[in-house]
Amino acid sequence: MTEMLGTQHHPPPSSACDPGWRRSRQRVMSDPLLCRNAWRGHIQDPASQRLTWNKSPKSVLVIKKIRDASLLQPFKELCAYLMEENNMVVYVEKKVLEDPALLSDDHFGPVKRKFCTFREDYDDISNQIDLIICLGGDGTLLYASSLFQGSVPPVMAFHLGSLGFLTPFNFENFQSQVTQVIQGNAAVVLRSRLKVRVVKEPRGKKVAVPNGISENGLLAAGLDVEVGKQAVQYQVLNEVVIDRGPSSYLSNVDVYLDGHLITTVQGDGVIVSTPTGSTAYAAAAGASMIHPNVPAIMVTPICPHSLSFRPIVVPAGVELKIMLSPEARNTAWVSFDGRKRQEIRHGDSISITTSCYPLPSICVRDPVSDWFESLAQCLHWNVRKKQAHFPEDEEDAEDADEEGGEEQAGS
């Protein structure tokens, strides 16, 4: 259960998300990869996606970067504004309020007693939140995604970290910006997520045929039965990374697409990413950068021992399956948005497809303008000095030479 501090504010009796908003949000997001107006004569402009509330949001989850003293004052100002000016119920993680600087602040005491707190992996608040506000870097947005394994409320992210590619809002004018979002005056981009299912063999069980490959490259029937196996599911915003871990040997994993073996990765590993994750680890590994409105999954090798292994983009609706190759000399390791790192052994499998629960990220202007602004400001995309033009006297001389050449050719 969610722990309450004080009695001034109480969460709504069943769900803080308005039922009308939740139905509308699920209806829009249940198939985020299809353009809703594509068959009405034109393709929908991504910049036209707008945030719409059936009722004003009443509860907000504030996510603050832990152990960052520079965020204490913005955090206190934001929470006081949400509670006192907007009469909202504010949720925070319990360990945020355990910061010694907040515990010793007597002026913040009256506000602190109004918080609702939760503990990660213990309390489920997914049905009690209307809006999420992040204070920090891109990691706060990834953490917000991990808290919601189903439908995700709209996320407003303030850039108070080191990079800020996914956090477009500046905090200087937070009151007016938050007010506009609460009023529904904002654009939104639906960032697709990956649904990842990890199935593991019980430890100590021998597996006769690790991958069960039949002659035609398909998974052999009956070998993927999950009876007695351990299965865990994750929602991933950026990427799934399979690597060789601490081993000095090459990573050796087989990659299937809709049941067909398409390649074997021999190298440091492989990255399976969303368009949002294409500007993260995948970009560092040489992949293309894809706008988050593009329905796709990226497969990017990490330092492959091959001169011809280029990153590829596959349709969002396919299912990828990754397993250790029978010839693999060592195990592999997998992580999900940099979290939940675990070992993968023979007989284990990782199934990846596009989730039906994207993350709605609120824009400062619109999805296209915000993305190119982040490319320019955070990654310095295509930054170089402009080529200098010729001086006018040189241009005149060139024109004269060209005219002279034409006259000689005519004669």
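All heavy atoms count here, side chains included; hydrogens, waters and symmetry mates do not.
The main-chain N or O of Asp348 is never found under 3.5 Å from a side-chain atom of Lys229 such that the two would form a donor-acceptor pair. The backbone N or O of Val236 sits nowhere less than 3.5 Å from a side-chain atom of Asp337 that would complete a donor-acceptor pair. Between the Asp258 side chain and the Val318 main chain, no donor and acceptor come within less than 3.5 Å of each other. Looking at Thr300, its side chain never comes within 3.5 Å of a backbone N or O of Ala282 through a donor-acceptor pair.
With respect to the salt-bridge test (charged N to carboxylate O, under 4.0 angstrom), the residues Lys76 and Asp105 qualify. Classification of Arg244 and Asp268 as a salt-bridged pair holds, one side-chain N sitting under 4.0 Å from a carboxylate O. A salt bridge between Arg119 and Glu93 is absent, with no side-chain N of the basic residue lying under 4.0 Å from a carboxylate O of the acidic one.
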Under 3.5 Å, side-chain donor or acceptor atoms of residues 179-190 against the rest of the protein: list the pairs with distances, not counting sequence neighbours.
unit_1	atom_1	unit_2	atom_2	d
Thr179	OG1	Tyr81	OH	2.6
Thr179	OG1	Gln175	O	2.8
Asn185	OD1	Arg50	NH2	3.3

Residues 374-386, side-chain donor-acceptor partners within the protein, below 3.5 Å, at least two apart:
unit_1	atom_1	unit_2	atom_2	d
Ser374	OG	Phe165	O	3.1
Ser374	OG	Asp370	O	3.2

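Between Val364 and Asn170 there is no side-chain heavy-atom pair separated by less than 4.5 Å. Side-chain contact between Val155 and Phe148: absent, with no pair of heavy atoms (C-beta onward) separated by less than 4.5 Å.
Interatomic distance, OG of Ser126 versus CG of Leu61, reported as 11.0 Å (0.5 Å rounding). Residue Leu82 holds its CG atom at 8.0 Å from CG of Leu131, rounded to the nearest 0.5 Å. Between atom CZ of residue Arg339 and atom CG of residue Asn238 there is a gap of 12.5 Å, rounded to the nearest 0.5 Å. A distance of 13.0 Å separates CE in Met323 from CG in Asn252, rounded to the nearest 0.5 Å. With values rounded to the nearest 0.5 angstrom, Ile344 atom CD1 is found 7.5 Å from Leu324 atom CG.
Annotation: ring pair (Phe, Tyr, Trp, His ring centres under 6.0 Å) contacts involving residues 306-338, sequence neighbours excluded, comprise Tyr234-Phe336.
Under the salt bridge (charged side-chain N to carboxylate O under 4.0 Å, His left out) criterion, Glu319 pairs with no residue, sequence neighbours left out. Residues that satisfy the side-chain contact (heavy atoms from CB on, under 4.5 Å) test with Gln235, not counting sequence neighbours, are Gln149, Arg193, Lys195, Gln233, Ser355, Tyr357. In this view, Asp68 satisfies the salt bridge (charged side-chain N to carboxylate O under 4.0 Å, His left out) rule with no residue, not counting sequence neighbours.
Of the listed residues (Thr274, Thr276, Asn293), just one forms a side-chain hydrogen bond (donor to acceptor under 3.5 Å, both in side chains) with Arg191, and that residue is Thr276.
Classification of the Phe158-Phe171 ring pair by plane angle, with boundaries at 30° and 60°, yields perpendicular.
The neighbour count for Arg329 CZ, taken as heavy atoms of other residues, nucleotides or ligands under 6.0 Å away, does not exceed 12. A 6.0 Å sphere centred on CZ of Arg310 holds no more than 12 heavy atoms belonging to other residues, nucleotides or ligands.
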